[in-house]
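Data block below; observations after.
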2 protein chains.
Amino acid sequence: MVTLADVAQHAGVSASTVSYVLSGKRSISATTRERVERSIEQLGYHPNAGARALASSRSNIIALMVPLRTDMYVPVMMEIAIAVATTARTFGYDVLLLTGEEGPSDVRRIEGSALADAMILMDVELHDDRLPLLREARRPAVLIGLPADTTGLSCVDLDFAAAGALCAEHLAGLGHREIAVIGEAPGVYERLTGFAERTLSGLRERSGELGLRLLHRPCEGSYAAVSATVGRIFDERPGTTAFVVQNEAATDPLLALLRQHRRAVPEDVSVVAICPDQVAVHASVPLTSVAVPAQEMGRHAVEQVVAKLAGRGTDEVVLIKPELTVRESAGPRAVPGDPL
Amino acid sequence: MVTLADVAQHAGVSASTVSYVLSGKRSISATTRERVERSIEQLGYHPNAGARALASSRSNIIALMVPLRTDMYVPVMMEIAIAVATTARTFGYDVLLLTGEEGPSDVRRIEGSALADAMILMDVELHDDRLPLLREARRPAVLIGLPADTTGLSCVDLDFAAAGALCAEHLAGLGHREIAVIGEAPGVYERLTGFAERTLSGLRERSGELGLRLLHRPCEGSYAAVSATVGRIFDERPGTTAFVVQNEAATDPLLALLRQHRRAVPEDVSVVAICPDQVAVHASVPLTSVAVPAQEMGRHAVEQVVAKLAGRGTDEVVLIKPELTVRESAGPRAVPGDPL
DNA sequence: CTGAAAGCGCTAACAT
DNA sequence: ATGTTAGCGCTTTCAG
């Protein structure tokens, strides 16, 4: 194993010089720097992570807690996780993957062992156990998601309320008056993750302003569940001409069912989705959608964490502005008695 | 920050005693053990990870390299990653998430910095750059997937050839004679990940033995691509009565298209999928399928890694035996002229 | 601009 | 069964 001392000897300088070449924390003459760098190269030196962490009390590791329940919008989770990992490397950090299974004690463990310099938490619940601990912690934390009380915490999330409003506006602009919302599975609402409710309230508020009638139904992602929900919606509100879907798993079944019901999309019914772009693009009818910007969220989270670790940066709630992409699933409302 | 010395003082013992209580590497009298444990509890002590790694040259971290391309069978990846993380914790290890973006140099970095004690690599290509490095490495590595040359390497994977054979057998047993295989996207074959080819060869071999006619078409996951592929298959082989799908994204489009073509599943056409159970269960017709046992693969990989780290365990290729679950998408071949 | 040296908190001989 | 102590490899004062 090659150590700093080996490099120092090989380059004919002292250990501290090598260390400073590496950290750039004091000025080094061009010649020594080059000599040291050559030695590092030649010997294939890599600083020992443990020693470095011990001496500097910085591990250069960011802990990422992902939700254990593997049932829900898994692709987004993975996308965020990967975005976090790649962005972190960009700043010289590695990422530790925690499942949050151990709950608050996991936070304590990381904090106590100094395994990570900071934490990023995904899919935080409105009243999460871990929040009090995070507020007390000496190490910075950033949440992806928005808890009920954000004081003393940094958060990054899509502005779901604005996303809801955007959907309402888009459909109103196309002349629609009766809209049905197919939401996340009931479990999501029960877990109080918040984002589903925020979407809904944005949707409701703007619908009110625009004079739209709204019907909301939570719905499991299975084909059967979507089928039942859609049937019910058409029974209760036969005049429904547009759907807003916020449930990755339900989009494909919804499109299939509309086809089965002999409703053309977008001629007879319009559909606007809130989902990752990938899902929207691959659907049987490319979906007009508001994207859940997974990559951007991961990147933002890391940037905030790094800023805090550098002393800059404060507690901050970043709500990413939603953008609606027009594809092929939403069009003008069919005017009764006007068969085109 | 609470240190080992603090605990020692509080408990009235020496530092080494505390260390040994923690590691169990030498016998401690019940009374001192209890005293020490109480002190640890009271002070909320957590061993410093860096110091421990430095002194013991073991970080208790396993590096997991996941593929960066976020386009392919992402849900399985996430499931494996989570299984790895939870299983690892079970053995006292944490998991470092690497994207493999940096390729071989990432392996060198981890190896050189002693950041992790071992590595697990997912989605390894047949002739992966990183394999030579892994063979030379002092630290154990386990692959999830099967490269061309496995000498000096431990691997865990589903026995895809057997999975292919199993599909052929099941369909043959139901009386089918002409089978079409909808495969992964062409890119997957080009990347030479191997598993798709292995499935195909198992499928071909057993089909030969059982006298089945086989048609194979790689296929993108988009609705349009599946549509084109299915159309082509029915043109070229109108007698096709069964499909084998190995492409998560294609299953739903396939079912929708068959419906559109007025072919009932399973009465007119049978479908057998090779995909995670979750996908099979949630499809519009619950799919008879061979599961990709993500959890089991993750668990096995960690167990092998831990065994190697403990000195037990050798290089070994574990091929998990596939299991076919009968659901509702495959049935007896419709006999022409027998309208039931 | 560079060196020397004192730890960082823990483990693992080596003692007893 | 327990204590003493010498490092592990690096960062960072303190000196020059």
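Letters A, B, ... are given to chains in the order of the sequence lines, protein chains preceding strands, and every chain is numbered from 1.
For A:Arg109, the salt bridge (Lys or Arg N to Asp or Glu O under 4.0 Å) partners at least two apart in sequence or on another chain are A:Asp106, B:Asp94. Scored by the salt bridge (Lys or Arg N to Asp or Glu O under 4.0 Å) test, B:Arg130 finds B:Asp128 as partners (sequence neighbours excluded). Every salt bridge (Lys or Arg N to Asp or Glu O under 4.0 Å) that A:Glu102 has, sequence neighbours left out, goes to B:Arg89. Listed by chain and residue number, B:Phe91, B:Tyr93, B:Val302 satisfy the side-chain contact (heavy atoms from CB on, under 4.5 Å) test with B:Val306 (two or more places apart in sequence, or in another chain). Taking the salt bridge (Lys or Arg N to Asp or Glu O under 4.0 Å) definition, one finds that B:Asp159 meets it with nothing, sequence neighbours left out. Take B:Thr31 and apply the side-chain contact (heavy atoms from CB on, under 4.5 Å) test, not counting sequence neighbours, and it matches B:Ser29. Taking the side-chain contact (heavy atoms from CB on, under 4.5 Å) definition, one finds that B:Thr99 meets it with A:Ile82, A:Ala85, A:Thr86, B:Leu68, B:Glu101, sequence neighbours left out.
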Fill in the blank from the handout: In B/S/- notation (B base, S sugar-phosphate only, - none; protein heavy atoms under 4.0 Å), nucleotides 9-16 of chain D written 5' to 3' is BBBBBB--
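A:Ser57 comes within contact range of no nucleotide atom at all, as no heavy-atom separation falls under 4.0 Å.
The span of DNA chain C lying next to chain B, judged by atoms under 4.0 Å from heavy atoms, is bounded 5' to 3' by C:dG9 to C:dC14.
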Contacts under 3.5 angstrom, residues 9-25 of chain A side chains, donor-acceptor by atom type, not counting sequence neighbours:
| unit_1 | atom_1 | unit_2 | atom_2 | d |
| --- | --- | --- | --- | --- |
| A:His10 | NE2 | A:Gln42 | OE1 | 3.4 |
| A:Ser14 | OG | A:Ser16 | OG | 3.1 |
| A:Ser14 | OG | A:Thr17 | N | 3.4 |
| A:Ser14 | OG | A:Thr17 | OG1 | 3.2 |
| A:Ser23 | OG | A:Ser19 | O | 3.3 |
| A:Ser23 | OG | A:Lys25 | N | 3.3 |

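Using five terminal pairs a side, the axes of the helix from C:dC1-D:dG16 to C:dT16-D:dA1 at its two ends make an angle of 30°, given in steps of 10 degrees.
In this structure, CG in B:Asp123 is found 11.0 Å from CG in B:Leu143, a value given to the nearest 0.5 Å.
Residue pairs meeting the side chain to side chain donor-acceptor pair (under 3.5 Å) criterion with at least one member in residues 297-321 of chain B, sequence neighbours excluded, are B:Ser154-B:Gln304, B:Ser154-B:Lys308, B:Arg299-B:Glu303, B:Lys308-B:Asp315.
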